[in-house]
Amino acid sequence: QVQLVESGGGLVQAGGSLRLSCQVFGSILNINTMKWYRQALGKQREQVASITSGGSTDYADSVKGRFTISRDDAKRTAYLQMHSLNPEDTAVYYCTADRILFRDEVVGAKEAVDFWGQGTQVTVSS
């Protein structure tokens with residue numbers, strides 16, 4: 001009923017840029033805070049950036065000044081623009097939505113909480 005799909009990952013040289021996209025599919029009524037996480041091999045998952053439905057943003061210290069999160073609610077899509085990438089940014093990047101309200105044929109509306117995408121790999125070569 002609801003699907004969250006990331007795209008835009010790939011291989012880039014150090015110093016390069018990538019833009020990740022996260023689109024929500026389904027009969028969507030509302031999406032509140034969206035976030036990007038990343039997990040590097042052998043490391044703990046890290047929250048990279050977040051954006052509320054009102055547009056307020058927050059960033060991990062490790063990406064401040066290099067990454068920008070944004071959203072286009074008409075397209076039900078969040079973005080993560082990444083500049084000045086370095087090998088330490090290599091990870092699987094996941095998009096999440098804290099709450100997604102969507103239409104349900106039986107009960108009218110349902111809510112998906114802490115909804116995750118499948119992830120997209122970002123690899124930065126030195």
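Side chains of Tyr37 and Arg45: a donor-acceptor N/O pair is absent below 3.5 angstrom, by distance only.
No continuous path of ILVMFWY side-chain contacts below 4.5 Å connects Tyr79 to Leu4, so the two sit in separate hydrophobic clusters.
Minimum interatomic distance between Ala109 and Leu101 (heavy atoms only, all atoms of both residues): CB-CD1, 4.2 Å. The two residues Leu85 and Leu18 make their nearest non-hydrogen contact at CD1-N, 3.9 Å. Of all the heavy atoms in Thr33 and Ser50, the pair that sits closest is CG2-CB, 4.3 Å. Between Gly119 and Tyr94 the shortest heavy-atom distance is CA-CD2, 3.6 Å. Contact between Ser126 and Pro87 at its shortest, heavy atoms only, is CB-CG, 3.8 Å.
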inquiry  = For Glu46 and Gln39: C-alpha separation, side-chain torsions, deciding distance, then whether side chain to side chain contact (heavy atoms under 4.5 Å, CB included) applies.
reply    = CA-CA 6 Å; Glu46 173 189 26; Gln39 187 162 22; over 6 Å; no
task = Could you go through the salt bridge (charged side-chain N to carboxylate O under 4.0 Å, His left out) check for Arg71 and Asp73 one step at a time?
result = CA-CA 6 Å; Arg71 62 192 287 167; Asp73 288 332; 2.9 Å; yes
ask   = Given the rule in the side chain to side chain contact (heavy atoms under 4.5 Å, CB included) test, do Leu20 and Met82 qualify, once you have shown the distances and angles that lead to the verdict?
value = CA-CA 8 Å; Leu20 306 182; Met82 306 184 292; 3.8 Å; yes
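Taking the side chain as every heavy atom from C-beta outward, Val2 and Phe115 approach each other to under 4.5 Å. For the pair Lys35 and Cys95, the minimum side-chain heavy-atom distance is 4.5 Å or more. Ile100 places a side-chain heavy atom less than 4.5 Å from the side chain of Ile28.
Geometrically, Arg38 does not engage Tyr93 in a cation-pi contact defined by less than 6.0 Å to the ring centre and at most 45° from the axis.
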